[in-house]
Peer 1: 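Shown below is the structure under consideration.
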Amino acid sequence: MDIIVDRYSKIKSNIDSAANVNIIAVSKTFSFSHIKPLIDHGHLHFGENKVQEAEIKWKEYKIKNQNINLHMIGKLQSNKAKKVIDLFDYVHSLDNQKLADTLANCEKVKQKKIKYFIQVNLGMESQKSGIPLSQVDDFFSYCTKEMNLNVIGLMAIPPNDGHEEKHFKYLYEANSSLGLKDLSMGMSADYLKALKYKTTFLRIGSLIFGDRANK
Ligand SMILES: *Cc1c(COP(=O)(O)O)cnc(C)c1O
């Protein structure tokens, strides 16, 4: 498992230590035995994309280790909101009004607040989640002013069209115009490009844990 820590350290060495950049180690599909070496190395941010998988993997450990930050990065159904508020510290996939309503209600009931990114569908791709860039202002107002959710930034998975930088630039600009300081962009294949546009949360899976398809 040393290779996991080695790969993580390599990524870390490509990030300016003065910049405010967090690596989210996306551990979906990998067991806790792959994750533990990173925790022992001092890493605290982990990402999962399925609520049930995350519960099985993390619930017990996190109760005893509250310094771990769990990030929900996958498509989220409103009926999972309660479990999400219990287990996660960040949601990166806030993308519709019903979900915002349900999460806000669960926060009230549980007297707990977490952090949110609004997911934007930059390329208007039908297979990807997220709201269109043109609706970000209105949805942001709704989430923050009416639902009182703590939205800290925008998130996107850019289209795989060879123009990732252009998309990262759009997201950075939209984020700045809302006065937001955090940005969730950059994955294994494009994180160096995302760093150029001041991302603050990289979501990196395969470059740390290895290929998910060939396990
Ligand atoms: C799986 C996943 C990642 C990590 O992808 P890699 O290419 O393995 O780094 C990042 N973001 C989201 C939303 C994901 O589902």
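Whatever order the structure lists ligands and atoms in, that order sets their numbers, starting from 1.
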Peer 1: As an exercise, identify every atom of ligand 1 less than 4.0 angstrom from a heavy atom of Gly205.
Peer 2: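 Near Gly205, the atoms of ligand 1 are 4 (C), 6 (P), 8 (O), 9 (O).
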Peer 1: If the cut-off is 4.0 Å to any non-hydrogen atom of Ile157, which atoms of ligand 1 fall inside it?
Peer 2: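 Listed by number with element: 13 (C).
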Peer 1: Take atom OH in Tyr170; do more than 12 heavy atoms of anything else shown fall under 6.0 Å from it?
Peer 2: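 Not more than 12 within 6.0 Å, no.
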Peer 1: Between the side chain of Lys112 and the main-chain N/O of Asp86, is any donor-acceptor distance below 3.5 Å?
Peer 2: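 At least one qualifying donor-acceptor pair exists.
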Peer 1: For atom 6 (P) of ligand 1, what is the closest protein heavy atom, and at what distance to 0.1 Å?
Peer 2: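 For atom 6 (P) of ligand 1, the nearest protein heavy atom is Ser188 OG, 3.4 Å.
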Peer 1: For a 4.5 angstrom cut-off between non-hydrogen side-chain atoms, does Leu44 reach Asn22?
Peer 2: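 A side-chain contact is absent here, since even the closest heavy-atom pair is not under 4.5 Å.
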Peer 1: Answer side chain, backbone, both or neither: which part of Leu207 comes under 4.0 Å from ligand 1, heavy atoms only.
Peer 2: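 The answer is neither.
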Peer 1: With atoms numbered from 1 as shown, which atoms in ligand 1 lie under 4.0 angstrom from a non-hydrogen atom of Ser206?
Peer 2: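 Listed by number with element: 6 (P), 7 (O), 8 (O), 9 (O).
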Peer 1: For atom 5 (O) of ligand 1, what is the nearest protein heavy atom, given as residue, atom name and distance?
Peer 2: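 In this structure, atom 5 (O) of ligand 1 has Met187 CE, 3.5 Å as its nearest protein heavy atom.
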Peer 1: Regarding Lys75 and Asp95, does a basic nitrogen lie under 4.0 Å from an acidic carboxylate oxygen?
Peer 2: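 The answer is yes: the pair qualifies as a salt bridge.
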Peer 1: Does Arg212 approach ligand 1 within less than 4.0 angstrom via side chain, backbone, both or neither, non-hydrogen atoms only?
Peer 2: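 Answer for Arg212: side chain.
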Peer 1: Tell me, which protein residue and heavy-atom name are nearest atom 14 (C) of ligand 1, and how many Å apart are they?
Peer 2: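 Ranking protein heavy atoms by distance from atom 14 (C) of ligand 1, first comes Lys28 NZ, 3.0 Å.
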Peer 1: Mark yes or no for whether Glu107, through its side chain, and Ile85, through its backbone, hold a donor-acceptor pair below 3.5 Å.
Peer 2: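 No, Glu107 side chain to Ile85 backbone: no donor-acceptor pair under 3.5 Å.
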Peer 1: Go through ligand 1 atom by atom and flag the ones less than 4.0 Å from a non-hydrogen atom of Ile204.
Peer 2: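 Near Ile204, meaning under 4.0 Å from one of its heavy atoms, ligand 1 has 9 (O).
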Peer 1: How far is atom 13 (C) of ligand 1 from its nearest protein heavy atom, and which residue and atom name does that atom have?
Peer 2: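 Here the nearest protein heavy atom works out to Ile73 O, 3.5 Å.
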Peer 1: Could you tell me, atom by atom, which parts of ligand 1 come under 4.0 Å of a heavy atom of Arg203?
Peer 2: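 Those atoms are 4 (C), 9 (O), 10 (C), 11 (N), 12 (C), 13 (C).
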Peer 1: Could you list the residues that satisfy ring pair (Phe, Tyr, Trp, His ring centres under 6.0 Å) with Tyr8, not counting sequence neighbours?
Peer 2: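 Once residues adjacent in sequence are excluded, the partners of Tyr8 under the ring pair (Phe, Tyr, Trp, His ring centres under 6.0 Å) criterion are His41, His43.
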Peer 1: Under the 3.5 angstrom rule, does the side chain of Thr200 hit a backbone N or O of Asn20 as a donor-acceptor pair?
Peer 2: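 No: the side chain of Thr200 does not pair with the backbone of Asn20.
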Peer 1: Kindly say whether Met155 contributes a backbone atom to a donor-acceptor pair with the side chain of Ser184 at under 3.5 angstrom?
Peer 2: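 No, Ser184 side chain to Met155 backbone: no donor-acceptor pair under 3.5 Å.
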